[in-house]
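Letters A, B, ... mirror the listed sequences (proteins, then strands); counts begin at 1. Reckoned from all heavy atoms, side chains included, excluding hydrogens, waters and symmetry mates.
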Amino acid sequence: MIIKNIVQKNSYYDSATLMLLSSQVAKEVGPDGDAAVMMGSDMNREILEKSGLLADEGRAAGPNDLIFAFRAATEAEADAAYAAAQETLNSRSAKMRSEENVMAHSVEEAAERAEGAKMAVVSLPGQYAAREVKKLLKADCHVLLFSDNVSLQDEIALKKLAVERGLLMMGPDCGTAVVNGVGLGFANTLRRGPIGIAAGSGTGLQEVMTLIHNYGGGISQALGTGGRDLSGAVGGLMMEQCIRLLAEDPKTEIVVVISKPPEKPVADRMMAQLSGIGKPAVVCFLGGDQEEVIGNIHVVRTLEDTACEALALAGVAGNPLKAAYESLPDIAETCRAKLTDGQKYVRGLFCGGTLAYEAMLILSDKLGGIHSNISHDPDLLIAGTDASVAHTVLDLGDDAFTVGRPHPMIEPALRAERLVQEALDPETAVVLIDVETGYGSHEDPAGVAAEEIAEARKKLAEAGRDVVFVCSVCGSVDDFQGYAAQEDKLRSVGAVVLESNAQASTLAALIAR
Amino acid sequence: MEKKLFDEPMTVINLGLPGFFDSVKGQGAPCIHVDWKLPAGGDVRLLEILDRLHEMEEAEQNA
């Protein structure tokens, strides 16, 4: 094998584009080879060094240089992979440049040229993002800040500036919003309607808004705040702004708020604000223990309950989500018949962080302590890369899995190895997974998951046993991936597919109990 | 002062992932992509100093 690095000086590309490119190019260098395309920052060079992909040319690269690194059987194979990488990059930028008036060279130029209300989506590396967001806010642009690794201090300063100027600054780490019917970031195709949502979590928002859509409701606006907004330090600055905008919006008749339980003073302020909006509100404190109606505010516990409550308030009658629970014990009984005595644990492998969190809560209620890389209980907290312990739920979007790799919602194949490993554990009864569709997500996520499941079941058959695969598709029936087709792909390999993450988690618990 | 957003004609400005530009365009919404380059060779400290100088200049002009 040879190691070859080619350095392209002064060529910036964002890391997500390069991560996707890396996984495509790695396929060009055969099963024993490897490839990565990265900017030459200190951290990236360290990643390449650890992966055994760095050569002297790469070692000499600077942060503004692009490194193509290959481990290949021959020089010719590395060159072919390099040519493929170049072709992908060139065709991408040529396509964008060929479209008239779509490229600007600076934030200022873009803001000047943009007509009507201005909504910016920023997914730059975190250390440079705050600086550009400040310029955008000063140019009166609303902002969705997708990037993470933005400091708390910058977040507070940017949100204060936004509030002062009457703007939205959603994020950092805000993955999803739907504004005026346009999906931003990871978003879904939705009908417009009277339900307005403000959420501190991306996949939590996607699960609620798609369930509302799939069962006949409609969304006026769906806004995000970023997960840190409701901490004591940020104090819910953007949540307050979002609630105010939804309260004032004549097309929003019901206001929905989704977040993990905020710190008490922040929660108290938020509830006081909601009590005065003159519209019904649904609040989901995911992981909270409240379930009650306080004046105009309906407090619920799961994402599915949030969607059901909002649908009921919007007058959409007869949604079958709750009725589906009646059939779960029978399905569980049938599934359990496939298992042997030693198979007793649930292993959840999630691309969506909030879906992992919701699954952990539902499983905990029914099975007791769930080990997880996102557990708040130090006795149950495990490192994501450690072996699973008893019942385990993993958030595969966690940093431990994503350094130098794309997020699993963009590249779900990253789950493959772990899925087979968990399925082959003789104590595993259920492998519980999520599949996300919509803008920004993989073009065929269920296809990827189905291949993994088929591979695992083949190996299990050789070992003379089976495992129950339980899934739910977090997506709208109108997403471009085709919701029904995605479900069919999962069912075709023997997976049980349910209509929500809450149902899938409940079934998993019933099977393992 | 509120900057109107809801149900106004809207242009999306994209900085970063080209895939997000594609999906906004695919929905038929106007979108401008900023061809962003790493400034000052990626030196964040130098950028902070330059920005601070720029802000001081602006403040002086407005005084």
Side-chain angles (χ1 to χ4, degrees), chain A residues 10 12 14 16-17 20 39 41 62-64 92 96 99 101-107 109-111 113-124 127-129 131-132 134 136 140-142 146-147 165-168 179-185 187 189 220-221 245 249 251 410 439-440 480, chain B:
Chain A
N10 295 315
Y12 173 77
D14 63 86
T17 297
L20 269 182
M39 298 305 298
S41 65
N64 215 14
R92 187 75 196 78
M96 289 191 82
E99 292 178 59
N101 294 329
V102 298
M103 291 279 262
H105 294 96
S106 67
V107 161
E109 186 196 331
R113 275 178 29 200
E115 288 174 10
K118 291 171 275 196
M119 178 78 235
V121 179
V122 180
S123 52
L124 298 172
Q127 67 268 42
Y128 307 110
R131 184 170 182 267
E132 303 300 332
K134 195 169 165 188
L136 286 160
D140 290 334
C141 300
H142 299 271
F146 182 86
S147 320
R165 300 181 73 86
L167 294 163
L168 285 172
V179 177
N180 300 341
V182 179
L184 306 169
T189 307
S220 57
Q221 309 285 347
L245 289 175
D249 176 30
K251 294 206 173 146
I410 300 176
Y439 304 115
F480 75 89
Chain B
M1 190 180 60
E2 211 66 64
K3 304 296 179 309
K4 286 204 167 164
L5 175 64
F6 293 170
D7 294 302
E8 295 286 317
M10 176 177 88
T11 300
V12 177
I13 297 172
N14 187 53
L15 272 92
L17 286 172
F20 289 162
F21 168 84
D22 292 338
S23 63
V24 171
K25 287 291 276 187
Q27 294 171 70
C31 187
I32 300 173
H33 181 77
V34 179
D35 190 17
W36 189 81
K37 303 272 183 225
L38 200 64
D43 186 335
V44 178
R45 182 81 193 108
L46 179 63
L47 281 172
E48 280 170 3
I49 295 168
L50 290 172
D51 287 348
R52 186 80 195 104
L53 284 170
H54 184 63
E55 278 172 15
M56 282 162 69
E57 257 175 37
E58 271 187 348
E60 265 176 36
Q61 278 168 13
N62 294 335

| remark: One should read off an interatomic distance between B/Lys4 NZ and A/His142 NE2, to the nearest 0.5 angstrom, of 11.5 Å

| When rounded to the nearest 0.5 angstrom, what is the spacing between CG in B/Leu5 and CG in A/Asn180? | 5.5 Å

| query | Where does B/Asp7 contact chain A at under 4.5 Å (heavy atoms): side chain, backbone, both or neither? | reply | both

Tell me which of these, [options], has more heavy-atom pairs under 4.5 Å with chain B than the rest.
options	answer
A/Gly183, A/Gly62, A/Ala187	A/Gly183
A/Glu132, A/Glu109, A/Gln127, A/His105	A/Glu132
A/Ala120, A/Gly440, A/Ser147, A/Ala129	A/Ala120
A/Lys251, A/Arg131, A/Met39	A/Arg131

Tell me, side chain or backbone of [X] under 4.5 Å from chain B's heavy atoms, or both, or neither?
X	value
A/Phe146	side chain
A/Leu136	side chain
A/Leu168	side chain

| query | Picking from B/Asp51, B/Val12, B/Leu15, which has the most non-hydrogen pairs under 4.5 angstrom with chain A? | reply |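 Ranked by heavy-atom pairs under 4.5 Å with chain A, first place is B/Leu15.
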
Heavy atoms only: give me the nearest [X]-[Y] pair and the separation to one decimal.
X	Y	result
B/Glu8	A/Ala117	CB-CB, 4.1 Å
A/Ala110	B/Val34	CB-CG2, 3.7 Å
A/Val179	B/Met10	O-CE, 3.6 Å
A/Val182	B/Ala29	CG2-CB, 3.9 Å
B/Ile13	A/Cys141	CD1-SG, 3.9 Å

| request: Give a yes or no answer on whether the side chain of A/Asp249 reaches the backbone of B/Phe6 with a donor-acceptor pair at less than 3.5 Å. | output: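 Answer holds: no.
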
| said: Has A/Ser123 got a side-chain atom pairing as donor or acceptor with B/Leu17's backbone, closer than 3.5 angstrom? | reply: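 Side chain of A/Ser123 to backbone of B/Leu17: a pair is present.
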
| Any residue meeting side-chain hydrogen bond (donor to acceptor under 3.5 Å, both in side chains) with B/Glu48, in chain and number order, not counting sequence neighbours |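 Listed in chain order: B/Arg45.
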
| request: Could you give me the CA-CA distance, side-chain angles and deciding distance for B/Lys25 and A/Val102, then say whether side chain to side chain contact (heavy atoms under 4.5 Å, CB included) is met? | output: CA-CA 10 Å; B/Lys25 287 291 276 187; A/Val102 298; 3.7 Å; yes

| said: Quick check: B/Phe20 with A/Tyr439 (ring centres under 6.0 Å apart)? | reply: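 Ring-ring flag for A/Tyr439/B/Phe20: false, centres at least 6.0 Å apart.
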
| message | Test of understanding: with side-chain contact (heavy atoms from CB on, under 4.5 Å), list the residues that count as partners of B/Thr11, not counting sequence neighbours. | response |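 In terms of side-chain contact (heavy atoms from CB on, under 4.5 Å), with neighbours along the sequence ignored, B/Thr11 is linked to A/Ala114, A/Glu115, B/Pro30, B/Ile32.
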
| Do you know which of A/Leu184, A/Val122, A/Val121 makes side chain to side chain contact (heavy atoms under 4.5 Å, CB included) with B/Asn14? | A/Val121

